[in-house]
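We're numbering straight along the sequence, starting at 1. For the numbers below, each heavy atom of this structure counts, side chains included, while hydrogens, waters and symmetry mates do not.
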Amino acid sequence: MIRATAVLFVVVFGFVLGASAQDFKAPEAKGRVYFKNLKNGAAVPTTFKVEFGVDGLRLRPAGEDPLDHTSGHHHLLIDGRPVPPGQLVPFDDKDLHFGKGQTEAQITLPPGRHTLTLQFADGAHRSYGPRWSATITVNVT
C-alpha cells in the first residue's frame, strides 16, 4: 500500500512538473546568490564549512509550494556547472541538495582544485539558471 501511494505521488507530481515546465520562468527579481565565507581561489582543508547566501528571493524548504518562483533553496554542485533554467538539479553525490532551507554545510573533498557552484532552485528543484548561481574555485590542501 505504501509503495503504491509513493508511486502515485511520483506520477501525479511528475504531471504537475511536466505541465508547468513549459511555462517555467526564472525569477525576474533583482538579487544574487553568493558564498558568504569563501572567496574564489581560497585554500581550504579537506573538510570545511560552506555558507550560502541569497538576496532578492525568499529562502524556503523544498516542496512547500513547488510552483512559487519567488522563493527557493540552495544546491551545491561540486565540480559542476550552473544548471539551465527549468531543468532539475541532479540528485547524486556531486550535486548536494539543501531542501530544508539550510544556509551552510560541512563538506569533505579530496586534495586538489575543485569548482563549487551554488545554484538556487524552486521548491521542485528546478534550477533558476546561471543568473541565480555563483561559482568559485577552491584549492583543497
Side-chain angles (χ1 to χ4, degrees), residues 1-140:
M1 178 68 177
I2 292 174
R3 180 176 279 232
T5 302
V7 169
L8 180 62
F9 174 77
V10 168
V11 169
V12 170
F13 194 65
F15 281 124
V16 169
L17 290 180
S20 62
Q22 299 170 34
D23 300 325
F24 183 86
K25 187 174 182 184
E28 294 179 11
K30 293 184 182 200
R32 67 186 180 120
V33 174
Y34 58 98
F35 291 92
K36 287 184 170 182
N37 67 325
L38 295 173
K39 301 282 186 216
N40 191 39
V44 296
T46 56
T47 299
F48 59 101
K49 183 179 184 178
V50 181
E51 296 176 354
F52 322 131
V54 63
D55 294 333
L57 295 176
R58 194 164 43 109
L59 186 64
R60 186 174 182 182
E64 283 189 356
D65 184 352
L67 302 180
D68 173 22
H69 292 131
T70 63
S71 66
H73 62 281
H74 294 287
H75 299 80
L76 183 62
L77 315 178
I78 299 169
D79 296 324
R81 303 176 66 106
V83 178
Q87 288 189 12
L88 289 176
V89 176
F91 282 89
D92 58 38
D93 60 342
K94 293 230 172 208
D95 300 293
L96 310 178
H97 290 244
F98 298 96
K100 293 180 183 177
Q102 302 97 310
T103 58
E104 63 182 47
Q106 284 285 117
I107 65 169
T108 301
L109 295 175
R113 187 172 181 200
H114 296 278
T115 300
L116 303 178
T117 298
L118 189 57
Q119 179 71 67
F120 211 65
D122 71 6
H125 304 280
R126 291 177 301 175
S127 169
Y128 286 148
R131 160 85 177 75
W132 291 97
S133 71
T135 300
I136 62 171
T137 300
V138 294
N139 297 301
V140 179

Inset, instruction - For Pro82 and Pro130, work out which heavy atoms get closest and say how close. - result: CB-CA, 3.9 Å
Legend entry - Side chain to side chain, Phe98 and Glu104, heavy atoms closer than 4.5 Å: no
Inset, instruction - State, to 0.1 Å, how close Ser127 and Val83 come at their nearest heavy-atom pair, and which atoms those are. - result: OG-O, 2.6 Å
Legend entry - Separation of Trp132 CH2 from Leu57 CG (nearest 0.5 Å): 3.5 Å
Inset, instruction - Kindly determine whether Leu116 and Leu109 satisfy side-chain contact (heavy atoms from CB on, under 4.5 Å), including the steps that lead there. - result: CA-CA 11 Å; Leu116 303 178; Leu109 295 175; 4.1 Å; yes
Inset, instruction - Please report the closest heavy-atom contact between Leu88 and Ala124, naming both atoms and the distance. - result: CD2-O, 3.2 Å
Legend entry - More than 12 heavy atoms of other groups within 6.0 Å of Glu28 CD: no
Legend entry - Residues which pass salt bridge (Lys or Arg N to Asp or Glu O under 4.0 Å) with Arg32, listed by chain and number, not counting sequence neighbours: Asp55
Legend entry - For Tyr128 against Ala26, the heavy-atom pair lying closest together: O-CB, 3.6 Å
Scan the side chains in residues 70-77 for donor-acceptor partners under 3.5 Å anywhere in the protein, sequence neighbours excluded, and list what turns up.
from	atom 1	to	atom 2	distance (Å)
Thr70	OG1	Asp68	OD1	2.6
Thr70	OG1	Asp68	OD2	3.3
Ser71	OG	Asp68	OD2	2.7
His73	ND1	Asp122	O	3.4
His73	NE2	His75	NE2	3.1
His73	NE2	His125	ND1	3.0
His75	ND1	Gln119	O	3.3
His75	NE2	His97	ND1	3.0
His75	NE2	His125	ND1	3.2

Inset, instruction - Check salt bridge (Lys or Arg N to Asp or Glu O under 4.0 Å) between Asp93 and all other residues, then give those that pass, not counting sequence neighbours. - result: none
Inset, instruction - Can you see which heavy atom on Thr115 is nearest to which on Gly80, and at what distance? - result: CG2-O, 4.0 Å
Legend entry - Check: Gly31 main-chain N/O paired with Arg131 side-chain donor or acceptor under 3.5 Å: yes
Anything under 3.5 Å between a donor and an acceptor, one on a side chain of residues 33-40, the other on a protein residue two or more places apart or in another chain? List them.
from	atom 1	to	atom 2	distance (Å)
Asn37	OD1	Glu51	N	2.9
Asn37	ND2	Lys49	O	2.9
Asn40	OD1	Thr137	N	2.8

Inset, instruction - State, to 0.1 Å, how close His69 and Phe24 come at their nearest heavy-atom pair, and which atoms those are. - result: NE2-CE1, 3.4 Å
Inset, instruction - Name all residues meeting the side-chain contact (heavy atoms from CB on, under 4.5 Å) criterion together with Thr103; count only those two or more places apart in sequence or in a different chain, and write none if there are none. - result: Leu59
Inset, instruction - Quick one: list whatever passes salt bridge (Lys or Arg N to Asp or Glu O under 4.0 Å) with Lys94, sequence neighbours left out. - result: Asp79
